[in-house]
Amino acid sequence: MAEAADFPGMTPSPARRWLRRTGALLAGAPLLAGLLQLPVSSAHAAEPTVAKEASDAGTVTVAVDSLSPSVPTEGDTLTVSGTVTNKGKQTVTNAHVDLRLGSALTTRSAIDSTATRSDDISSPTGSVVGDKYVAEFTKLTPGVSEQFSISVPVEELDLGDGGVYPLGVALSGETSAKPWERVLGVQRTFLPWQPDEADARTRTTVLWPLISDVHMTAETASNEQQTPVFLNDDLAAEISPGGRLDQLLSLGKSLDVTWVIDPALLASVDAMTERYDIVDGDTTTAGEHQAVAGQWLAELQQAVQGKQVVALPYADPDLASLAHSGTSVTGSLNQLKAATDVAASTVETVLHVTPSTDFAWPVEGAVDPSIVKVATSAGADKVIARSDSLTEKGGLSYTPSAARPIGGGTTAVVADSRLSEAFQGDLTKASASTRAVQEFLAQSLSLNLQTAKQRSIVVAPQRMPTAGQAQAMAEAVSALQGGTWSQAQQLTATAAAKPDPGATTKVPYRSAYPSSLAKRELPRSAFVDIATTQDRLDNFKVVLTDASRVVTPFGRAINREMSTSWRGRTTAASSFRQGVQTYLTTLTEQVKLIQKSELKLSGRSATIPVTVQNNLVQGVDHLVLRLTSTNPTRLEIDGKAYAEQGIEVSGGHSTTVKFTTSAKANGQAAVIAQLYTEDGRAYGAPVTFDVKVTEFTATVMLVIGGGFLLLVLAGFRMYTQRKRAAAREAEDNATAETDPASETSESTQDSGNGPDAESDARSGADDPVQPSDGTPDTAAESTGPSGTGERVDR
């Protein structure tokens with residue numbers, strides 16, 4: 001209980017006085033006990049000094065930068081080199097570094113324990129190897145580092161039987177405050193010792209992964225070569241001399257390893273051997289690393305000859321994300337199948353070797369029943385798991401072989417977790433790299449010494465090792481393959497090896513899946529985006545005359561959207577998916593209907609033209625244009641509510657098709673033009689326009705009626721004129737018979753000079769020509785589609 005300070009002029013309450021007295025009594029209890037035990041405490045008078053000395057312990061850091069050879073044999077000289085750094089505030093004098101050897105570690109867990117306390121000076125450091133095998137320093141100034149190197153013949157180490165020996169590198173010295181020698185810093189490492197060849201060598205499979213991030217977009221140039229477009233030029237840095245992938249290739253080609261390759265990486269590097277572009281916002285620049293790409297591929301082709309190559313599904317899809325979030329989205333498993341189908345052909349085309357495609361590799365080898373089901377859905381019957389996921393519960397006294405039958409004809413190839421995780425973390429410093437190498441070798445030897453039974457073991461490191469990690473891996477694997485207890489073996493042979501009867505074969509439940517991995521998985525929304533893109537692609541490709549120009553780059557881009565490399569990069573993954581969708585939408589919108597303004601029909605029938613424009617490089621066909629009247633009682637299209645016509649348009653052109661319409665009543669009717677694929681799916685946005693029918697207005701009826709009346713009157717007049725002319729001719733004939741002279745005279749007078757003749761000619765010339773019924777204001781044209789020779793103006 002806490003109380004506020006007493007205010008002046010106020011007396012404490014009884015409860016407060018009681019609390020104060022109790023507190024004083026408690027505070028004085030230790031003093032009273034000390035007075036009562038004063039004679040006894042004199043026996044421990046040195047304890048404060050010891051505590052003070054311990055506070056100064058570890059003020060010097062010891063780093064073992066190299067240990068050569070990593071696996072010594074009889075007759076070798078062991079050289080230990082490194083650096084000591086005074087991290088304290090006082091100068092260390094009479095300092096020297098010596099080697100200390102401990103007893104052989106008999107279990108793998110003992111190696112783990114030693115590794116966790118590698119710099120703990122309070123733990124036993126072992127026996128000093130010899131006074132003459134030291135490195136001396138006059139003084140160590142605070143903040144200053146000094147290098148050392150100690151060489152000792154292996155025979156001087158007095159090593160016994162084969163085993164893993166802890167080797168301590170300790171710095172001893174004194175300070176002005178404590179002028180006596182003591183250990184001020186230590187670094188423990190491991191010395192694997194197997195002088196004779198093991199009775200049963202461990203068959204060790206080392207996976208050597210060539211996997212990278214996503215670099216290519218879905219976009220390609222419109223030229224015939226379809227120049228690829230890259231997100232950045234980071235891949236060029238990886239394959240350039242000294243780069244991560246260059247290091248993996250250079251180091252791996254001298255080792256007996258199983259290459260595990262993402263075909264998408266090969267496709268990307270292969271694309272870089274020709275012209276390629278790099279997009280940066282709205283700016284596109286040409287790539288310049290064709291020679292580097294060609295050289296890297298040429299070296300890889302040589303490196304994999306005669307070696308086993310395992311091809312992952314294209315773009316290394318995230319199997320766990322697919323199992324946990326993607327299976328609820330229709331079509332997601334089809335994407336995995338497509339990525340698997342294209343893997344072998346890609347590797348064969350680029351590397352000229354036939355890869356194995358029946359292995360699936362979930363992230364960090366973590367499995368559950370749903371992951372196994374998804375992993376095998378595309379045809380793989382072997383799953384690369386890890387021993388910290390498929391843990392042993394049968395009480396075996398040794399590490400069993402990797403192959404485990406887990407049911408359904410599927411084999412789990414269980415990689416050893418200790419060996420597989422040995423090269424994680426920052427290994428750029430020599431001391432960290434040396435520590436990782438020696439611990440890896442120690443674990444491998446300890447595993448071999450567990451039993452005389454020969455076993456097959458798998459080392460599955462992280463998917464994308466850094467250059468420093470790759471160098472440490474190569475050093476360890478080289479030492480292992482040159483040692484006396486291990487022999488290299490291909491992954492297919494390991495998977496086919498006879499499994500240990502007592503080994504665990506039960507796949508852990510979904511609840512056992514590590515939460516740290518689950519948090520980094522692709523969300524369900526990612527697979528929804530993928531399904532949406534695929535649906536749009538399916539609708540687009542059916543109208544193209546050369547669908548492969550679109551299907552191939554977009555299909556591979558969709559595979560990349562599922563890549564394991566997106567783990568922990570949610571924003572970048574979403575941006576990539578949206579970029580693919582946006583580019584696909586841009587392409588589909590290149591085939592579209594031209595907008596139309598309101599039309600007026602003043603006739604009983606007319607034709608309505610609708611134009612389809614294709615701005616793609618290639619032609620489109622298998623399209624249907626439907627024109628629909630929303631008010632067929634007023635306006636019909638080809639005698640019904642709607643009409644359709646097939647569409648074919650060459651690349652970069654447009655075509656206009658015409659529909660015959662008939663008006664039934666005056667007024668306005670909306671008309672909708674919509675493109676469809678042949679399977680009935682709408683393509684693109686519709687175009688809606690209004691048609692105003694003016695054919696049946698009162699004015700039009702008057703005009704038509706007046707025209708009809710004029711026709712009747714003209715006909716009646718022509719009839720009366722002909723009747724009158726016939727009567728005169730009859731009369732003239734009668735007169736001519738009675739008076740021949742008169743007939744001749746009248747005949748001469750009437751031949752073209754009489755008033756009636758002039759009147760008739762004038763009358764005939766003035767007769768009005770009547771328009772045909774129902775002439776439309778739209779010119780009559782063919783209702784068939786026009787040619788495709790019209791060039792689109794851009």
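Note that the coordinates shown come from a computational prediction; the quantities given were computed from them, not determined experimentally. We number each residue from 1, following the sequence as shown.
Sorted by first and then second residue, the ring pair (Phe, Tyr, Trp, His ring centres under 6.0 Å) pairs with a member in residues 557-581 read Trp566-Phe576; sequence neighbours excluded.
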For this session: Carefully, step by step, assess Asn223 and Thr227 under the rule side chain to side chain donor-acceptor pair (under 3.5 Å).
Result: CA-CA 7 Å; Asn223 53 19; Thr227 299; 2.9 Å; yes

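Side-chain contact between Ile261 and Leu351 is present, with at least one heavy-atom pair separated by less than 4.5 Å. Considering only heavy atoms from C-beta on, Trp361 stays 4.5 Å or farther from Asp316 through its side chain. Two residues are said to be in side-chain contact when any heavy atoms from C-beta on lie closer than 4.5 Å; Ser478 and Leu255 meet this criterion. Here the side chains of Gln247 and Thr466 are not in contact, with every heavy-atom distance at 4.5 Å or above. Side-chain contact between Gln581 and Arg536 is present, with at least one heavy-atom pair separated by less than 4.5 Å. Side-chain contact check for Ile211 versus Leu312: some heavy-atom pair is nearer than 4.5 Å.
In this view, Phe359 satisfies the ring pair (Phe, Tyr, Trp, His ring centres under 6.0 Å) rule with no residue, not counting sequence neighbours. Under the rule for a ring pair (Phe, Tyr, Trp, His ring centres under 6.0 Å), the partners of Phe440 that lie at least two apart in sequence or sit in another chain are Phe423. Among residues two or more places apart in sequence or in another chain, the ring pair (Phe, Tyr, Trp, His ring centres under 6.0 Å) test is passed with Tyr398 by none. Applying the side-chain hydrogen bond (donor to acceptor under 3.5 Å, both in side chains) test to Arg549 and every residue at least two apart in sequence or in another chain returns nothing.
Annotation: Phe540 is not in aromatic contact with Phe554 [ring centroid separation under 6.0 Å not met].
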May I have the list of side-chain donor-acceptor pairs in residues 507-517 shorter than 3.5 Å, sequence neighbours left out?
from: Arg510; atom 1: NE; to: His324; atom 2: NE2; distance (Å): 3.3

